[in-house]
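Order of appearance sets the numbers: ligands from 1, and atoms from 1 within every ligand. Everything numeric here is computed off the predicted structure, so don't read it as measured data.
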Amino acid sequence: MDIALALDIGGTKVAAGLVTAEGDVVHRAHVPTAVDGLWPAVAELVSSVLADTPVVVCGVGCGGPMTADGELVSPLNIPQWRGFPLRASLAELLSSDVPVFVDNDAKALALGEGWRGAAVGARDYIGMVVSTGVGGGVVVDGRLVDGDSGNAGHIGHLIVEPDGRACACGSRGCLEAEISGLSIEAATGFPAAMASPAVIERSGVLLGRALASVAALLDIRLAVVSGSVALGWGEPFFAAAQRSLDASARIEFARGCRVVPGALGADGPLVGAAAVGWRGLGRGWAVGATRR
Ligand SMILES: [Zn+2]
């Protein structure tokens, strides 16, 4: 049975798992990100998860930004890594016959939703995350879109509020600057989990506004949204987003675009990371398996 080593590298923890070619996570472990010497801790985690299990590929989802193919990663929420050579470090750690593929964590999750989650069977969709930040990945014509530098899908930086809040990217009124967990906390003084119904409603409306533009631009009719903030807000957030999307997406082909919660649960990031690996190997059954 072919097994992938999957790694999800985030601001809070680094998770590693063994994932079958069918997308089942059969073993998992994690270490906190906030340790002195993060790379040695990751290397130890990988060794402990692998034990003596042979793997055929390593897939990684990591916070951005990063250079193409994850050669150098500088995750915004991992300050100790700036221009860290992640792919090469993993390749050196693993046996030489295990190829390593690294991608943005939101793109990885989008792949995972198409493989085993709420976008199974969809050829065209956006998978996105609303948590500490806002990210996404788009699958069009059955292919995950990479873009020139591998950063396609950054829906968090669509402008949804002219003259809105300043965004970390340098612009104003970006979706991320208005509805991410960090932004909500900065704006209201409370964590997103304690947001008022009015804040949740407004956030949904802004998400729907962004998705209407995405639907018109890319001719997609499905948006799968996961992440702790979105899933924590739940039905009122999704209902507001759907109403706003319906009101804004008026051009005929974009009508009826649905926004739904992600279905992968806590294993989503590892399933997505594994999908990055299988895609890298060109396994055609993972949505978007075709690489450039
Ligand atoms: Zn921005």
Practice task
Under the side chain to side chain donor-acceptor pair (under 3.5 Å) rule, collect the residues that match up with Asp124, sequence neighbours excluded.
Solution key: none
Problem - Any pair counted as salt bridge (Lys or Arg N to Asp or Glu O under 4.0 Å), so long as it reaches residues 87-98, sequence neighbours left out - result: Glu71-Arg87
Problem - Note: Glu161-Arg202 ion pair, threshold 4.0 Å (strictly below) - result: yes
Handout entry: Option from Val25, Leu50, Leu270 for which side-chain contact (heavy atoms from CB on, under 4.5 Å) with Leu18 holds
Key = Leu50
Problem - Salt bridge present between Arg279 and Asp146 (N-O < 4.0 angstrom) - result: yes
Handout entry: side chain to side chain donor-acceptor pair (under 3.5 Å) against Arg258, all qualifying residues, sequence neighbours excluded
Key = none
Exercise for the section: Would you list the protein N, O or S atoms within less than 2.8 Å of the Zn ion (ligand 1), leaving out water? Expected result: His157 ND1, Cys167 SG, Cys169 SG, Cys174 SG
